[in-house]
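See structure below.
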Amino acid sequence: MAKILIVDDEEDVRIALQQVLERAGYEVSVAATGNEGLDLLNKERADLVITDVIMPGIDGITTARKIREKYRGTRIIVISGGGKAAPEPYEPDAISTRSYLASASSAGADRTLTKPFDRDELLRVVRSLLGES
Amino acid sequence: MARHLNTIPGRLVMMLLLIHALLMPPLFYAISGTVESTMKDIFIDKLRNVAQIFVDRFDTLEPEASEQRIVELLDSAILSGQGRYAAVDIGGRTVTSSLMTAEDAALFREDFAFGENGDDVYYLSLPVSGLAAPAVLKLGYDESPIHEDLDGIRRTLIYVLSAYLLLTLLVAGLVSITVISPLRWLQSASRAISSGDVDRELRPDSRLAEIVALSDDLERMRRNLVGINERLRNEIAEREQAEADRHRLEEQAHHNQRLRSLGTLAGGVAHEFNNVLQPMVLYLDLALEDLPPDSPIAKNLARVQELAGRAKGLSQQILTFSRQDSNPRFVTRSIAPVAEEAITMIRALLPATLDLRVDISSECSPVRCVPEQIQQVLVNLCNNAYQALADDSGHVWVSLREVPVSEQLAGGHPNLETGPHVVLEVRDTGKGMDADTLERIFEPFFTTQEVGKGTGLGLSVVHGIVKRHDGEIVVESEPGKGTRFRIFLPPAGHDERS
């Protein structure tokens with residue numbers, strides 16, 4: 001049974017993702033911040049981490065990089081809301097999603113998904129990363 | 001009268017008149033006086049000579065000359081020339097000539113005065129010897145001929161002087177006109193200049209040195225004025241141009257600024273929106289999984305799913321709009337395959353009932369473009385065209401061709417140059433737009449769709465894309481007839497404009 005860790009500061013996102021993945025047969029744990037996620041990974045390894053980009057504390061890209069450094073085998077999906085996402089107040093110079101996504105790859109993320117994705121899309125990507133048909 | 005006096009001829013004539021008024025009388029009197037005294041002298045000399053002759057004759061008389069002899073002598077004195085009186089006083093007795101009139105006889109005076117005493121007779125008294133006793137010969141001669149001559153001379157003098165005066169005045173008048181006419185000309189020339197008519201060259205007819213010098217100066221001044229005017233005009237035109245340019249740039253900067261802020265805001269909103277949509281979408285998936293497909297709840301939730309899908313589309317459009325300033329990747333390739341791909345997408349997106357006619361030429365020059373953006377443009381325009389058709393009747397026509405742009409067409413659009421362009425055209429036979437709508441279609445958030453349908457962002461994004469491709473978008477529309485969008489893209493290798 002593959003283990004999946006969800007890191008996102010929105011409660012509804014965590015709940016919804018958890019339900020979808022559990023129904024699909026995965027073991028799911030959740031964290032609200034990057035650091036919380038890293039702590040959880042310390043205690044129990046995960047096969048796949050799904051992390052949001054914009055969060056309080058360390059952002060998703062940094063989280064992904066840390067995970068990649070420590071846990072070679074863990075797959076990482078970075079999900080993003082798109083747009084010139086930046087913590088409030090919105091700054092005109094904030095980097096765009098594309099460069100976020102580009103840095104996501106260079107930070108070690110295996111895939112990126114743009115919200116809102118539906119269940120089918122999510123499961124497709126998860127299955128392909130975990131080597132399942 | 002005073003007005004006339006204050007002119008050059010007036011003054012000249014006045015002065016001449018004054019001078020002559022002062023000089024003429026003395027001149028006249030001097031001349032006539034001289035003539036008079038000369039004539040008088042001559043007359044008197046002549047008379048004395050004549051008198052002396054008679055004195056000599058008396059002197060040569062015998063002492064016992066008879067009275068008759070004396071009278072004869074006296075008579076001959078009168079006869080010899082204009083004599084009026086001849087008498088001799090001999091020792092208290094006066095012998096008079098027999099030819100004298102009684103009144104003449106009474107008039108004798110010892111006057112030796114010419115012209116005086118009003119009698120016109122010049123009397124002389126001369127002592128005579130050779131008679132019985134000391135005698136005095138008294139003769140009187142008519143002055144009147146002399147006086148008449150003198151009068152004649154004076155008259156002639158007056159005529160001459162008058163004629164001289166008139167001639168002088170006439171000549172003065174003529175001379176002053178010689179001076180005046182170029183002056184008048186100069187005056188009208190300088191009036192012309194002062195009223196702004198500086199384009200006629202100044203050239204006087206006069207050869208008077210002062211006039212020529214003055215008109216040379218005036219001409220030089222005129223040329224300066226023309227030069228100054230020209231410079232001023234140029235400067236004003238330059239300033240106005242610079243002002244217009246500055247204004248235009250400012251407007252453009254403002255516009256860009258507004259778009260950018262809008263974009264930032266929109267991006268932020270879209271981001272949050274997506275975060276909200278994400279769990280919604282997943283919850284819907286989960287709920288639908290738990291329900292039998294034909295249950296009413298499931299049907300309703302399925303509609304909600306559709307709506308969520310639309311919301312996602314909306315959010316993506318907003319995101320695209322907000323991403324306008326990011327760096328797109330340009331490639332140089334023919335647009336034909338790009339357009340074909342877009343058409344495929346469009347046929348999938350729009351109902352099959354749509355009559356979509358396509359004419360894509362494969363012989364267009366390559367264009368420096370962002371293919372995804374070109375496709376976005378096509379999708380958007382076709383979608384709009386479809387929306388404009390009423391009841392799915394009518395057709396939408398898409399074409400891609402290389403077309404030379406004429407001077408006439410370029411003239412109507414400031415950003416369009418002449419020469420070959422790759423033209424993407426989307427035409428529909430739908431309801432068209434009126435002039436007011438046409439003016440505003442590229443504004444962000446301007447939409448003619450009802451609330452809930454359409455975001456109003458599509459065309460502003462399209463416009464942005466076309467501009468960033470160095471192209472121009474031209475719209476023509478007539479209410480009830482249809483609309484035609486044409487996008488002109490410069491072929492790759494065309495000179496970059498900043």
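Chain letters run A, B, ... following the sequence lines, proteins first, then strands; residues in each count from 1.
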Of the backbone (N, CA, C, O) and the side chain (C-beta and beyond), which part of A:Arg119 lies under 4.5 Å from a heavy atom of chain B, both, or neither?
both
Given that the side chain runs from C-beta out, which part of A:Ile79 has a heavy atom under 4.5 Å from chain B: side chain, backbone, both or neither?
neither
Taking non-hydrogen atoms and a cut-off under 4.5 angstrom, which of residues 275-297 of chain B neighbour chain A?
B:Asn275, B:Leu277, B:Gln278, B:Pro279, B:Val281, B:Leu282, B:Tyr283, B:Asp285, B:Leu286, B:Glu289, B:Asp290
Should we count CD of A:Glu121 as having more than 12 external heavy atoms under 6.0 Å?
yes
For A:Arg23, look at atom CZ and say whether over 12 heavy atoms of other residues, nucleotides or ligands are found less than 6.0 Å away.
yes
